[in-house]
Protein chains: 2
Amino acid sequence: MPDDAQSAQLLKAQDRFIDAWGRMGSVWGISRTMAEVHALLFVTGEAMCMDELMDRLRISRGNASMSLRALLEWGVVSKTHKDGERRDFYTAEQDVWAMFRAILRERVKREVEPLLESLGEVRELNPSGGKNAPESARELDQRLEEVQEVFGLVASLGERFTGANGQGLKVAAKLLAKAPGGTRRKAKA
Amino acid sequence: MPDDAQSAQLLKAQDRFIDAWGRMGSVWGISRTMAEVHALLFVTGEAMCMDELMDRLRISRGNASMSLRALLEWGVVSKTHKDGERRDFYTAEQDVWAMFRAILRERVKREVEPLLESLGEVRELNPSGGKNAPESARELDQRLEEVQEVFGLVASLGERFTGANGQGLKVAAKLLAKAPGGTRRKAKA
DNA sequence: GCCAGATTTCAAGTTTTTCTGAAATCGGCG
DNA sequence: CGCCGATTTCAGAAAAACTTGAAATCTGGC
């Protein structure tokens, strides 16, 4: 195969990944473009400047800037510098487990923590403690407590997995995924 | 406290929960109304008909109908009947762990499985196997494989937790959340 | 301190998602 | 059957989310 055809093929495969990751992005509650920028940086493994991103993804400068900022906040992309270059360059975290941990951490922060906070407030608002508190209030409180328990556990799990030596996640996941039977699926990795 | 004030207070607390759950719903990628309908059924624990839902949440009949259908598909709400009544009534799953499993199952289905499928397609498209396949193609394939591995593991985990004796989740979560050290954090629950 | 290139901000425009309401369909009962 | 209340559907309206582009701001080198 001639070199040109090979590299065209490569770009095409990259684009397909970018597209797939971008579509998942919108399912995951982040903007599609943000996911695409991440996908491009990840899949090529190269450091790129804003203009390269804009060209390849056909997005505006403003959009690129905002997406990059968000990715930096998520911790899955970092700024780098090239010797004599004035512009900023960006690279994606290449370790997939580290990337996954960063995503998990951010999602727990957005999708679980606010709920736990609200649950606390609602329970406070609902005066189930009074000696003659009505049955209904006690029932409500109990329901809320159960929800709090489950989501609190999810948050702790997330913390354990994403914290310090998150390496643990990899091990735990592998163990849990195959070890003690339960479903029909045969071990996969 | 007079009965009226008590029940007003209860309704207020319920509304706050409904609001909180609804807001999370939109973060979780489902429509806010759908989450609110679920929240109302869950938090009251009562069987309700469509008109009650519409009144309490101030939504249209069409919206109520569509939200209920989606909740039935998710498996967190079910249809019930009242003796001589002609209309349908709906109740929410009351076991919080069962509810959580249903949510998890559906989210893995939407947020992980399509990605795995795409990854397979992209790897096929990228001909990294050829004897003189360029370095770049092999690199791409390796990246894709790693992503596949991680998300594949997540999917198996999800399956184990939501499948058959999903009761396991509760236990596993509790164990993992506190048991074997690794991070600096002292056990929390 | 000032210039030039680079980045950020944000009001206005665009696209996507969600909601409404009324017409069509359903389904049990006499 | 044919009726009637209940539910579903879906085209259009409304709301929410995302993107653009140009002006404002920043930054490093001289």
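In what follows, chains carry the letters A, B, and so on, assigned in the order in which the sequence lines appear, proteins first and then strands, with residues in each chain numbered from 1.
With rounding to whole Å, Lys79(B) atom NZ is found 10 Å from dT8(D) atom C1'. Between the CE atom of Met50(A) and the P atom of dT27(D) there is a distance of 14 Å, given to the nearest Å. One interatomic measurement links the two molecules: CZ of Arg58(B) to P of dG21(C), which rounds to 13 Å at whole-angstrom precision. The interatomic distance linking Glu52(B) (CD) with dT7(D) (C1') rounds to 16 Å, in whole Å. Here dT8(D) presents its C1' atom at 12 Å from CG of Asp88(B), a figure rounded to the nearest Å. Atom-to-atom, NZ of Lys82(A) to P of dG28(D) comes out at 19 Å; the value is rounded to the nearest Å. Per the geometry, CZ belonging to Arg61(A) stands 8 Å off P belonging to dA6(C), to the nearest Å. Separating the CG atom of Leu57(A) from the C1' atom of dT19(D) is a distance of 14 Å, rounded to the nearest angstrom.
For Glu111(A) (side chain) and Val108(A) (main-chain N/O), no donor-acceptor pair under 3.5 Å exists by modelled atom type. In this structure, Glu46(A) contributes its side chain and Met48(A) its backbone to no donor-acceptor pair below 3.5 Å.
When the side chains of ILVMFWY residues are joined at heavy-atom separations under 4.5 Å, either directly or via intervening members, Ile18(B) and Leu11(B) end up in two distinct hydrophobic clusters. Placement of Met66(A) and Ile30(A) in two distinct hydrophobic clusters is found when ILVMFWY residues are connected by side-chain heavy-atom separations under 4.5 Å, directly or transitively.
With distances taken from any side-chain atom of Ile59(B) to the nucleotides dT19(D), dT20(C), dT8(C), the minimum falls on dT20(C).
Between Glu139(B) and Arg143(B) there is a salt bridge, with a side-chain nitrogen of the basic residue lying less than 4.0 Å from a carboxylate oxygen of the acidic one. In summary, Asp19(A) and Arg32(A) engage in a salt bridge, as defined by a charged side-chain N under 4.0 Å from a carboxylate O.
When all heavy atoms are compared, the tightest approach of Arg110(B) to Val27(A) is O-CG1, 3.7 Å.
For DNA chain C, the neighbouring residues in residues 63-74 of chain A, judged by any heavy atom under 4.0 Å, are Ser65(A), Met66(A), Arg69(A). Against DNA chain D, the stretch residues 23-38 of chain A makes heavy-atom approaches under 4.0 Å through Ser31(A), Thr33(A).
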Atom pairs, N/O to N/O, protein against nucleotides 3-5 of chain D, distance under 3.5 Å?
unit_1, atom_1, unit_2, atom_2, d
dC4(D), O2, Arg86(B), NH2, 3.1

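To the nearest 0.5 angstrom, Lys79(A) atom NZ is 4.5 Å from Tyr90(A) atom OH.
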Could you walk me through whether Phe42(A) and Phe17(A) satisfy the side chain to side chain contact (heavy atoms under 4.5 Å, CB included) test, starting with their C-alpha distance in whole Å, then the side-chain angles of each, then the deciding distance to 0.1 Å, before giving a yes or no? CA-CA 10 Å; Phe42(A) 171 76; Phe17(A) 174 76; 4.1 Å; yes

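Within the 4.5 Å cutoff, the side chain of Glu121(B) has no heavy atoms near those of the Glu124(B) side chain.
Between Trp21(B) and Trp28(B), the ring-plane angle classifies as perpendicular under the 30° and 60° cut-offs.
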